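Have a look at the structure below before the remarks.
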Amino acid sequence: MANRNGIPAKVTIESARQWVKPRVTEKRFKHIAGVAQVARELAEAADCDVFIAELAGWLHDACKEFKDKKLVAHAREFGMVLHPIEETNGHLLHGPVAALVARDELGITNKVLLNAVAEHTLGALNMTPMSQILFLADCLECSRSDDFTVPIWRSLGYDVAEGAPQKRKLKRKLDLEAGMLTACDLSLGYLLADGKSIHPKTVDVRNFFLQKLKERSKTP
C-alpha cells in the first residue's frame with residue numbers, strides 16, 4: 001500500500017466525485033469515471049494503492065475544460081515555467097493545474113497522487129508506477145478507439161479479444177513500462193498524422209521507456 005499521508009480524511013472517492021462533477025460536462029464526467037475505474041483495475045494488478053489510483057482518476061481532468069488562456073494564466077499564477085508550446089497550447093497544462101488546484105482546494109499534499117495527476121498528459125521521466133497507471137488509464141478508458149486501446153492492453157500483458165477490449169484477462173505480470181512505450185508510440189503517431197505540435201517532453205518520455213525496454217532485453 002502506498003503512503004496515504006497528505007490526503008486529508010475528508011477527501012474520499014465520493015467527495016472527489018462531487019467536487020469534480022460541477023466542473024465538467026456530462027460527457028467529460030463519464031470519461032473521468034471510466035479513467036478512475038481503469039486506474040483502480042491497473043493498480044490492483046500492479047499491487048499499488050487502489051484508493052490513490054482511483055482518487056487520482058477522479059481528479060485528473062478537473063481543469064480539462066478550462067479555456068487555454070485560463071490554464072496559462074493559472075499556471076503562471078502558480079509560478080510554473082512554461083514551454084512555448086504550452087503557452088500556445090494551454091490545454092497541455094490541465095494536468096499540472098488540476099494537481100495544484102486539488103492541492104489548494106482539497107488540501108492534498110501527497111506527492112505520489114499529485115504527480116500522477118500532473119503527469120497524466122505528457123508523462124515525465126522516472127514516473128512512479130502510480131503516474132504510469134494514471135497515464136495509461138487515461139489512454140485506455142472505454143471511449144477511446146479500439147485500434148488505440150487494444151495494442152496497449154496487450155503490451156501490458158492482457159489477452160484481449162479483437163475489437164472487444166472489455167473482454168480482457170491478465171495473462172502475465174503487468175508490464176507498465178511496455179504499456180507506456182506502446183501508448184507513447186501510438187500517441188505520437190496520431191499527433192504526426194493530424195499535423196499537431198509535439199511537446200519535446202512527449203518524445204523524451206517515449207525514448208526513456210524505449211531505453212528501459214532495451215536494457216531489460218539485455219538482462220540475462
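Just so it is clear, the model here is predicted, and its values are computed rather than measured. Computed from heavy atoms alone, side chains included, the values below leave out hydrogens, waters and symmetry copies.
Note: L210 CG to C184 SG = 10.0 Å, rounded to the nearest 0.5 Å. Here the straight-line distance linking atom OH of Y190 with atom CD1 of I198 works out to 14.5 Å at 0.5 Å rounding. In this structure, CD on E26 lies 8.0 Å from NZ on K21, to the nearest 0.5 angstrom. Between the CD1 atom of I32 and the NE2 atom of H60 there is a distance of 6.0 Å, given to the nearest 0.5 Å. Between atom NZ of residue K111 and atom OG of residue S131 there is a gap of 13.0 Å, rounded to the nearest 0.5 Å. To the nearest 0.5 Å, atoms CD (Q37) and CD (E54) are separated by 8.5 Å.
When side chains are defined from C-beta on, R144 does not count as touching L140, because their heavy atoms never get closer than 4.5 Å. By the 4.5 Å heavy-atom criterion applied to side chains, P200 and I85 are counted as neighbours. Using a 4.5 Å heavy-atom threshold, the side chains of V160 and K167 count as separate. Between L176 and F135, the closest side-chain pair of non-hydrogen atoms is not below 4.5 Å. Side chains of S143 and K30 form no contact here, defined as non-hydrogen atoms less than 4.5 Å apart. A 4.5 Å side-chain heavy-atom check between F209 and M127 finds at least one atom pair inside the cut-off. In this structure, the side chains of V35 and L134 come closer than 4.5 Å at one or more pairs of heavy atoms. By the 4.5 Å heavy-atom criterion applied to side chains, L136 and L156 are counted as neighbours.
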#### Entry: Steps toward side chain to side chain contact (heavy atoms under 4.5 Å, CB included) verdict (L93, L82)
CA-CA 9 Å; L93 297 166; L82 304 184; 3.8 Å; yes
#### Entry: CA sep, side-chain torsions, deciding dist, call: R168, D159, side chain to side chain contact (heavy atoms under 4.5 Å, CB included)
CA-CA 5 Å; R168 57 183 178 267; D159 183 16; over 6 Å; no
#### Entry: Residues T202, S187; criterion side chain to side chain contact (heavy atoms under 4.5 Å, CB included); working and verdict
CA-CA 9 Å; T202 305; S187 297; 5.7 Å; no
### Task
Take R4 and L55 through the test side chain to side chain contact (heavy atoms under 4.5 Å, CB included) and record every step on the way to the result.
CA-CA 11 Å; R4 294 184 182 178; L55 183 59; over 6 Å; no
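Nearest heavy atoms, A62 versus F66: O-CE1, 4.5 Å. Residue L186 comes nearest to P151 through the heavy atom pair CD1-CB, 4.1 Å, listed as atom of the first residue, atom of the second, then distance. Of all non-hydrogen atoms in V38 and E141, the two that sit nearest each other are CG2-CA, 4.4 Å. Here the shortest heavy-atom pairing between C48 and P129 reads SG-CB, 4.0 Å. In terms of heavy-atom proximity, L170 sits nearest to A45 at CD2-CB, 3.8 Å. Closest non-hydrogen pair, L106 versus K10, comes out as O-CE, 3.9 Å.
At a threshold of 4.0 Å, the pair K201-E86 does not count as salt-bridged, since none of the basic side-chain nitrogens sits closer than that to a carboxylate oxygen. With salt bridges taken as basic N to acidic carboxylate O contacts below 4.0 Å, one links R76 and E87. At a threshold of 4.0 Å, the pair R17-E14 counts as salt-bridged, since one of the basic side-chain nitrogens sits closer than that to a carboxylate oxygen. Using a cutoff of 4.0 Å between basic side-chain nitrogens and carboxylate oxygens, D138 and K64 are not scored as salt-bridged.
Under a hydrophobic clustering in which Ile, Leu, Val, Met, Phe, Trp and Tyr are joined whenever their side-chain heavy atoms come within less than 4.5 Å, directly or via other members, F208 and L188 fall into different clusters. Side-chain heavy atoms closer than 4.5 Å link hydrophobic residues (I, L, V, M, F, W, Y) into clusters, and following such links, even through other members, never connects V203 to V205. Linking ILVMFWY residues whenever their side-chain heavy atoms come closer than 4.5 Å, directly or via other members, places M130 and I7 in the same cluster. Both I52 and V20 belong to a single network of hydrophobic side chains, linked directly or stepwise wherever heavy atoms of I, L, V, M, F, W or Y lie under 4.5 Å apart. Placement of M80 and L114 within a single hydrophobic cluster is found when ILVMFWY residues are connected by side-chain heavy-atom separations under 4.5 Å, directly or transitively.
For the pair N89 (side chain) and H91 (backbone), a donor-acceptor distance under 3.5 Å is absent. With hydrogens and angles disregarded, no donor-acceptor distance shorter than 3.5 Å links the side chain of T182 to the backbone of G179. Side-chain N or O atoms of E65 include one that pairs as donor or acceptor with a backbone N or O of T25 at under 3.5 Å. Under a 3.5 Å cut-off, the side chain of R23 and the backbone N or O of D61 do not form any donor-acceptor pair.
Screening V117, L59, V101 against I108 for a side-chain contact (heavy atoms from CB on, under 4.5 Å) leaves a single residue, L59.
Between the side chains of H94 and H74, no donor-acceptor pair is found at a separation under 3.5 Å.
Ring orientation note: the planes of F29 and W58 are tilted relative to one another, at an angle of 30° to 60°.
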